[in-house]
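Here's the structure, in structure tokens; my notes come after.
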Amino acid sequence: MPPVRPAAGEKTTETNIQVGSIRLDCIVIFSAKRKKTLSYTVRYENDKTDAGLLKTEFSEEEDIIFTPSKKPVLFVRAPASLSLKEIQSVLLENEKNVIELLEKATQKEQAAQKKSKQSYKNGSIFHYMGRTYTLRLIYDETEKKIHVHLLDGQLQVYLPHKMIDLAEVEREKKIKKAVEDFYIEQADVFFNSRVDYFAEKYLDLLGKKPRSIKATYYKGKWGCCTYQNDIRLNWILIQAETPVIDYIIVHELCHIRHKDHSKDFWNLVRTIDPKYKEKRQELKENGWILGIK
């Protein structure tokens, strides 16, 4: 995927292209480093030209929420030597591929919108360790606080009976926090066990073990390894299958030895996880299901 923001000194121009039945806005970034080929991707961007820039929605508490309207934009990174006409010609020759990128971008945007409005009601769908669970709310007179359990394909949330009288928005807010706390707690335990496993098994290759391991939250990345070798992993990964989680863990562990994404780094990742490219592609294509676009 090409960068969608121009680097310092790179020129850009705006145009549009007919893709199937859609007139797609296009931003071309001219790169002096690029000699022959061009690359492109489709992203949803805030519609700054729309007179109705902000869509008005109403929450269950009748609060007015303003959200920017978005539209798909085709970003193209092309050699500076190419004319706009030549670039448009290449894109038209690859119309089928552009349409596929548009469809994927639309699917991701719809999923992201749905994810941002995750419901915490009976029957809501959740993911955990690659499996799908249905939320079940259980009100219990004996409960003093909220408890969360996984059982028989259900994400069971036990609630003090008095919570049934709470306003729906307030109740969902408390349920959301309890579910997220549960996920973070489970992620911390599982991530630590898997990191320990790989760090011990491949200690000779890595050189040293991480100083610490912790589940945390990042808006746009899966994890990181600090210069002090502290491993931080996005807790939402606990929704993914174990092989995918393991790839991210191996990736961050390899940063203990290589603090970059050099050839040596990727060779080390490949040595530990020969199928890392498949898992990496899985995250690129379906990571939005977990919550990262």
Side-chain angles (χ1 to χ4, degrees), residues 1-57 65-118 218-222 234 236 240 244 261 266 276-293:
M1 180 183 291
V4 297
R5 299 289 179 263
E10 289 185 328
K11 295 182 179 180
T12 66
T13 188
E14 296 184 15
T15 182
N16 54 66
I17 182 172
Q18 189 70 34
V19 179
S21 60
I22 298 176
R23 196 77 181 169
L24 192 61
D25 286 349
C26 178
I27 296 178
V28 181
I29 303 170
F30 292 98
S31 173
K33 295 181 180 180
R34 190 176 289 270
K35 301 302 180 183
K36 295 182 179 180
T37 61
L38 57 81
S39 58
Y40 47 88
T41 189
V42 177
R43 287 266 301 269
Y44 269 75
E45 296 285 302
N46 290 341
D47 188 357
K48 298 178 181 178
T49 62
D50 186 0
L53 176 63
L54 297 177
K55 293 181 179 179
T56 304
E57 300 176 355
I65 303 171
F66 295 102
T67 57
S69 61
K70 290 188 174 184
K71 64 178 179 180
V73 177
L74 176 64
F75 288 88
V76 181
R77 186 168 288 275
S81 59
L82 287 184
S83 68
L84 189 57
K85 186 175 181 180
E86 289 173 317
I87 293 170
Q88 289 175 325
S89 177
V90 173
L91 292 173
L92 288 174
E93 289 175 4
N94 292 274
E95 181 183 37
K96 183 177 179 181
N97 189 32
V98 175
I99 291 175
E100 289 178 356
L101 289 174
L102 174 59
E103 291 174 347
K104 285 184 178 180
T106 301
Q107 188 180 35
K108 287 183 179 181
E109 182 62 23
Q110 291 172 344
Q113 292 296 326
K114 183 178 180 181
K115 190 74 177 179
S116 67
K117 298 176 181 178
Q118 172 71 64
Y218 296 109
K219 186 176 182 180
K221 62 182 180 181
W222 300 114
N234 199 325
I236 67 173
V244 173
H261 289 100
W266 288 114
Y276 84 91
K277 286 187 176 180
E278 298 173 15
K279 301 168 187 176
R280 190 176 179 218
Q281 188 63 31
E282 171 73 15
L283 279 173
K284 280 186 175 181
E285 294 181 356
N286 300 316
W288 47 270
I289 296 175
L290 309 182
I292 287 187
K293 296 168 67 175

Closest approach of Arg34 to Ser39 (non-hydrogen atoms, all atoms of both residues): NH2-OG, 3.3 Å

Distance-minimising heavy-atom pair for Val28 and Ala78: CG1-CB, 4.3 Å

Worked verdict on Ile99 versus Glu103 for side chain to side chain contact (heavy atoms under 4.5 Å, CB included): CA-CA 6 Å; Ile99 291 175; Glu103 291 174 347; 3.7 Å; yes

Residues that Thr15 engages under side-chain hydrogen bond (donor to acceptor under 3.5 Å, both in side chains), provided they are two or more places apart: Gln88

Qualifying residues under side-chain hydrogen bond (donor to acceptor under 3.5 Å, both in side chains), relative to Glu14, sequence neighbours excluded: none

Closest approach of Pro72 to Leu24 (non-hydrogen atoms, all atoms of both residues): O-CD1, 3.5 Å

Test item: Asn234 side-chain N/O and Tyr218 main-chain N/O as donor-acceptor pair under 3.5 Å: yes

CD1-CG distance between Ile17 and Leu92, expressed to the nearest 0.5 angstrom: 4.0 Å

Non-hydrogen side-chain atoms of Val90 and Val76 separated by less than 4.5 Å: no

Those residues that, when tested against Glu86, pass side-chain hydrogen bond (donor to acceptor under 3.5 Å, both in side chains) (two or more places apart): Ser83

ring-ring contact (aromatic ring centres under 6.0 Å, His included) against Phe30, all qualifying residues, sequence neighbours excluded: none

Distance, nearest 0.5 Å, that separates OG1 of Thr13 from CG of Leu84: 5.5 Å

Result of checking Asp25, Ile27, Leu91 against Leu74 for side chain to side chain contact (heavy atoms under 4.5 Å, CB included): Leu91

For Thr106, all residues meeting side-chain hydrogen bond (donor to acceptor under 3.5 Å, both in side chains), sequence neighbours excluded: Tyr44

Taking every non-hydrogen atom, the tightest pair across Val42 and Val98: CG2-O, 4.4 Å

Pairwise distance CD(Glu45) to NZ(Lys71) - rounded to 0.5 angstrom: 9.5 Å

Pairs where residues 90-102 contributes a residue and the test side-chain hydrogen bond (donor to acceptor under 3.5 Å, both in side chains) is met, not counting sequence neighbours: Tyr40-Asn97

